[in-house]
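Please read these numbers as outputs of a predicted model, since none were measured by experiment.
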Amino acid sequence: LARFDRLELEHSSEQPGQAAERPAADKGGAPPPESDPQWLKHADENRRQGFYENALRFYSRALELDKSQVVGWLGQVQMLIFLAEYPEAELWSRKALEIFRNNPELMAARAQALSRMGDATKAQPLCDAALAQPGEGAYRWIVRGEMMMSSPQDIDRYCFDKAVQIDPDWLVPLEIALVYRHHRRGSKALQRAHQAVEKASDVPYCWYIQGVCEQELGLDARARKSLKRCLELSPGHVEAERRLAKLRNEGGLLQRGLRRFLGNA
Amino acid sequence: MQCFNCRFENMPGITVCGRCGTALQVATAVIDVHPPRARPWKKRLRRLLPINQAAVKVRDASSVATKHVKAAAQDVGMPVPPARLLWRLLIPGLAHFHLGQRYRGWAFLGAYLVFLVLTLLFWGTTWGSMFLGLAFSAHASSALDVLFQCPGHIRSRLIMAGVVMTVLGLAVYVPAARGLGQIIDTRAFSADIGPFAAGDTILFNRAAYSLFSPKPGDVVLFGLPVELIVSVRGEGHRIERIQTHEAIDRIIAGPGAQVVLSDGALLIDGDKPIYDSLSPLTIPNFAVTVPEDHYLILPTMFGSVHADTRLGSADLWRSMSVVPRGRILGKVHFRNQPLSRFWWIR
């Protein structure tokens, strides 16, 4: 088998026409040509900062170099879902599933896109099938939890807990918080965002999401603190600045004056 | 070669993974890796009008309803034909083609089309209604023929046939006939008036000017601002006097046109008009400027009959010929009866 591996490695090391597929920026010589893991790394970094548009672009770059990266396809679908382009995400997940048949994460991504489009009848069996596949992944359980959110029992919490248990990364509770936010469950979203902050207190995006959740729940003082912390960690965070400015301008003259006096501005 | 999806070790030279079916040559295949994107306006529209979600809800509700109907029908011993047959019943003969019965299909479809064409030709007459009934009969016979080929007790098949015919009549024919009647209307002539003869039936489109404005050259049916009493020849040599408040003629000029009629010559903005009225007629001299939302239509069809003595008055012609847009009832398309005189009215 090792012999076969070597043969394949030789075969797939540099394909003819691969250079032509590279983005124009790579050819000019300004930035050095990067490999697909580096593009994936860039994509992941952007995703962790909440720059989903950039992350999507980097996932595409990675796939330009190596189409067999299932992480790239999955990332593209997930970014499309974060960008609220559900029909496009569904279409793209279908295309990816044609290449990677029965891939559980892609099936879960398609189920998520379908459920966001309101098609629970199609999404449910897909989600079940994704969970029935061998191996364990946090994303499948996140999708499962999202599908269970409409049930009267607290099943979604168990699914999300399972996801957090499988993957201790702070991104998991944060993305669960985003799921809750999408479904307008502010208090539950805040719990998960808080969990993410506990895991990664040096990540500005966690503080930002926590601040947003608090702002939506009307906890203005706490939201101000979270957004300020986000700005301390990332001084150029435009969205945090905008939200903080909005919070500062809220309330009457007396209220604002009192806030400044007490040092809560 | 190791599958990048399931990590299964495949033999070299194999193109598809033996375990999961993934294409092993993906790395070299030409695949577009840039996902489709939604435009911002599309995303906004989706937020405002969740059509996808509504469509899914309708689909789910209809599938649940279908399931219940099927279960109820089976409970009373009446098997429901498959959906692929049921929707094909909407077009006569289509279900027969699906079942492989080509000759029957053509027979039903042909009969139906013949009756449908005759219905349209005789629209607005008693014959038209009869042909519409025959077209419905051909359609119903086609449906019955298919339903009677389905297995089941004769009673259940009869009930199913009744249901299908009722649905066809109420859901297709009644709305179609009413809708068509709202758009295409008819007028029949009982005497020879102008270019029209007794027994003529003309078709006009009521909806022609709902979106677009009338334009010079159109032949229209319009309401006269004054009621006219015209003497027409009845049966034999008898003269009948009939009252009319509708006329058919061509629009000569649109709003804002300066119209001068002197010594039988009509001038529009100082030039000869591009369009003529339907009947040539000598009209008393008058001059008028067509106001906004009004049209110049000379009701010349009454000129050839022994008409109202007031027709010699220039004031009457002035008031009759300038027609407000609201009085234009529709665009006249063609004479459909008698068939010997069937032709476009232009």
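Ion pair A/Glu88/B/Arg37 not flagged as a salt bridge, since none of the NZ, NE, NH1 or NH2 atoms sits closer than 4.0 Å to an Asp/Glu carboxylate oxygen. Between A/Glu90 and A/Arg94 a salt bridge is recorded (basic side-chain N to carboxylate O distance below 4.0 Å).
Counting heavy-atom neighbours within 6.0 Å of A/Arg48 CZ, excluding the residue itself, gives a total above 12. The environment of A/Arg242 atom CZ is dense: over 12 non-hydrogen atoms of other residues, nucleotides or ligands sit within 6.0 angstrom.
Rounding to the nearest 0.5 Å places CG of A/Asp156 at 10.5 Å from CD of A/Glu146.
For B/Phe136, the ring pair (Phe, Tyr, Trp, His ring centres under 6.0 Å) partners two or more places apart in sequence, or in a different chain, are B/Tyr173.
Proximity to chain B (any heavy atom under 4.5 Å) is shown, for A/Leu83, by both the backbone and the side chain. Residue A/Arg116 touches chain B through its backbone alone, counting heavy-atom pairs closer than 4.5 Å.
Ring geometry, B/Tyr112 versus B/His139: the interplanar angle exceeds 60°, so the pair is classed perpendicular (tilted spans 30 to 60°).
Heavy-atom neighbours of chain B within the stretch residues 118-131 of chain A, taken at a separation under 4.5 angstrom, comprise A/Gly118, A/Asp119, A/Thr121, A/Lys122.
Top candidate by heavy-atom pairs under 4.5 Å with chain B, chosen from A/Leu91, A/Leu80, A/Val70, is A/Leu80. Chosen from B/Lys42, B/Arg46, B/Arg47, the residue pairing most often with chain A at heavy-atom distances under 4.5 Å is B/Arg46. Note on A/Glu98, A/Lys95, A/Glu85: by heavy-atom pairs under 4.5 Å with chain B, the leading option is A/Glu85.
Looking at every heavy atom in both residues, A/Tyr205 comes nearest to A/Leu178 through OH-CD1, 3.9 Å.
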